Novice: 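This is the structure, below, for whatever I ask next.
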2 protein chains.
Amino acid sequence: MNTTNVVTDLETRQRLLNAAAELFAERGFNNVTVRELCQVAGANVAAVNYHFRDKLGLYKEVVEMAANAMHQGKVEVIEAAEPLPPEERLRTYIRLTLHHLLDPHEDSWMEKLIAREMMDPTPALDLIVEKGIKPTSQRMGVMVAELLGAPLSDDRVWQCFLSVQAQCLFYKMSKPVSARMAPAGFEYTPQVIEALAEHIADFSLAGIRAIAQKTGGTRRGQTEGSNIGEHS
Amino acid sequence: MNTTNVVTDLETRQRLLNAAAELFAERGFNNVTVRELCQVAGANVAAVNYHFRDKLGLYKEVVEMAANAMHQGKVEVIEAAEPLPPEERLRTYIRLTLHHLLDPHEDSWMEKLIAREMMDPTPALDLIVEKGIKPTSQRMGVMVAELLGAPLSDDRVWQCFLSVQAQCLFYKMSKPVSARMAPAGFEYTPQVIEALAEHIADFSLAGIRAIAQKTGGTRRGQTEGSNIGEHS
DNA sequence: ACCTGATTTATACATGTGTTTTAATCATCC
DNA sequence: GGATGATTAAAACACATGTATAAATCAGGT
């Protein structure tokens, strides 16, 4: 079946990757059995070891996929937002990010997997940070820096960005709790997401403006806070 | 050894609970073996089954401990903040919460365990929500409502509160990533935590003020958003 | 001192899991 | 069409893990 035979079979290998992405994201590395994985992928039990050496080998490839997908998704959002004027840029960034995270139609297995890695770091997290986060961190910093009227090296830039990011991610991570707090049918419909995005944008833009006006206080350079802007 | 024999032995049972709290929080239910747990607790392998019927029985008791500890911790923070004027109240709430979450001296195994449950909900999450979150949600809502000048039923109250909470929790959850983004020695020293708290407070107070002034837009009652204030 | 019930211990059992092995199947090339 | 190398399939292995069992130990009451 192979025409070139340099890259191994695409059929089952790809099916395994897809199933693994879904399952690992949903339940974590240790709570997914190779047997179940192969059953979902419609492959034999030995397929994982044949194609990926290990269960861990498969996992690493999935993480790599996730890091790349994360990077690509971020680039898309950033590039959709960048041409807009500063405030609209942030609003758009928030809106797109939130839809991407919460819209039930997008399954967003990458962020699930990444959230999992944040909670239970494995060596694979290094890969995520290097390939999925660092490469775009500068561009996202610039977005906030402009709003803030401060240089990238200012710690407030990274702090404000994290405040925005925190609000977006929180709604995804806290969904099981929110569902139990809400009265009855609780769902992230597009309208609800829009309303949330508007809230986060209003809240954050005001927050950023306030931080921008504040003078004095701790304002160190890049000595301690973060190395935003120096992506490797 | 029992004086009353109504409550079973305190020695090993308690040791088991302590070890379980630590280990389950650190690595999750499935990634802790009964054998390791008993070894840490200095007990026999059968001790878990004898004292708690199941591994799951032990876990449920640990979760109950966590929910109660969480409730108590929240009450302490709230009662330290409540007598202060509104703005200082929120500042204090943020400061104390952040220290509690990030200070490396407090191990805060409860929140680790709860964060874990949020990510991988088990039936135990219901207990956490009922005993650890709902009972204090009203008082925390009041704090924001006052700042906002809106009734508790207003959706903006809950949204603003979540925006604050999100920022606090995010720093805990994202620590592994932050550590990899930061240049060298990265640590949540008390000074760093203070600076973070100040940022979050400034950012959030401005955000809340802006939301308070905003009129129009979506502003539904308690029909859809959350049932804050109706804790059972 | 002995009995009694609770607790601890050592061991065994059943099962689930990742991995290996060995043979069968398939596609491709001569 | 048969040889060849890659892929798949079925079964087995080795081991870890949760749980159960049965004996041993302990503490307190009479």
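In this text the structure is predicted, and so the values were computed from the model without any measurement. Chain letters run A, B, ... following the sequence lines, proteins first and then strands; every chain starts at 1.
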Novice: Rounded to whole Å, how long is the line connecting atom CD of A/Gln39 with atom P of D/dA10?
Specialist: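 Whole-Å distance recorded here is 13 Å.
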
Novice: Mapping B/Ala43 and A/Asn44 onto DNA chain C by nearest heavy atom, which one lands closer to the 5' end?
Specialist: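 The answer here is B/Ala43.
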
Novice: Would you mind reading off the distance between B/Leu23 atom CG and D/dG18 atom C1', rounded to a whole angstrom?
Specialist: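 Distance, rounded to whole Å: 16 Å.
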
Novice: Below 30° counts as parallel, above 60° as perpendicular, anything between as tilted: where do the rings of A/Phe161 and A/Tyr93 land?
Specialist: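 Ring orientation of A/Phe161 relative to A/Tyr93: tilted.
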
Novice: Categorize B/Ala46 for me: base, sugar-phosphate, or nothing, with a 4.0 angstrom heavy-atom threshold over every strand shown.
Specialist: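 Base contact.
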
Novice: Expressed in angstrom and rounded to an integer, what is the separation of A/Arg53 atom CZ from C/dG18 atom P?
Specialist: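 Spelled out: CZ on A/Arg53 to P on C/dG18 is 15 Å.
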
Novice: For the pair made of CG in B/Asn30 and C1' in D/dA16, what is the distance, rounded to whole Å?
Specialist: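 After rounding, the gap between these two atoms is 14 Å.
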
Novice: Just compare D/dT19, C/dG18, D/dA6 and give me whichever is closest to any side-chain atom of A/Tyr50.
Specialist: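 Ranking D/dT19, C/dG18, D/dA6 by closest atom to the A/Tyr50 side chain puts D/dA6 first.
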
Novice: How close or far is atom P of C/dG18 from atom OH of A/Tyr59, stated in whole angstroms?
Specialist: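 Distance, rounded to whole Å: 14 Å.
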
Novice: Of the listed nucleotides (D/dT17, C/dG18, C/dT20), which one gets closest to any side-chain atom of B/Thr33?
Specialist: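 Nucleotide nearest to B/Thr33's side chain: D/dT17.
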
Novice: Apply side chain to side chain donor-acceptor pair (under 3.5 Å) to residues A/His100 and A/Ser108 and explain how you reach the verdict.
Specialist: CA-CA 7 Å; A/His100 181 56; A/Ser108 68; over 6 Å; no

Novice: Are any of B/Thr12's side-chain N or O atoms less than 4.0 Å away from OP1 or OP2 of C/dT8?
Specialist: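 Checking B/Thr12 against C/dT8: at least one side-chain N or O falls below 4.0 Å of OP1 or OP2.
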
Novice: Between C/dT19, D/dT19, C/dT8, which one does the side chain of B/His51 approach most closely?
Specialist: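 Ranking C/dT19, D/dT19, C/dT8 by closest atom to the B/His51 side chain puts C/dT8 first.
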
Novice: Starting from the 5' end of DNA chain D, give me the residue, A/Arg35 or A/Gly42, whose nearest nucleotide shows up first.
Specialist: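 On the 5' side of the pair lies A/Gly42.
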
Novice: Once you round it to whole Å, what is the distance between P of C/dT17 and CZ of A/Phe29?
Specialist: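 Atom CZ in A/Phe29 sits about 13 Å away from atom P in C/dT17.
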
Novice: Are A/Glu36 and A/Arg27 close enough for a salt bridge, meaning some N to O gap below 4.0 Å?
Specialist: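 A/Arg27 and A/Glu36: salt-bridged.
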
Novice: Rounded to whole Å, please give me the gap between CG in B/Asn31 and P in C/dT17.
Specialist: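 The answer, rounded to whole Å, is 13 Å.
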
Novice: Rounded to the nearest angstrom, tell me the gap between atom CG in B/Asn49 and atom C1' in D/dA22.
Specialist: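 Those two atoms, CG and C1', are 15 Å apart.
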
Novice: Taking the six-membered ring of A/Tyr188, is the NZ or CZ of A/Lys175 close enough (under 6.0 Å from the centre) and on axis enough (within 45°)?
Specialist: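 Checked: cation-pi criterion not met.
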
Novice: Parallel, tilted or perpendicular: which one describes the rings of A/Phe203 and B/Phe203, with boundaries at 30° and 60°?
Specialist: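 Taking B/Phe203 first and then A/Phe203, their aromatic rings sit tilted (interplane angle of 30° to 60°).
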
Novice: Among C/dT19, C/dT9, D/dT19, which nucleotide sits nearest the side chain of A/Lys55?
Specialist: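 In terms of side-chain proximity for A/Lys55, the closest of C/dT19, C/dT9, D/dT19 is C/dT19.
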
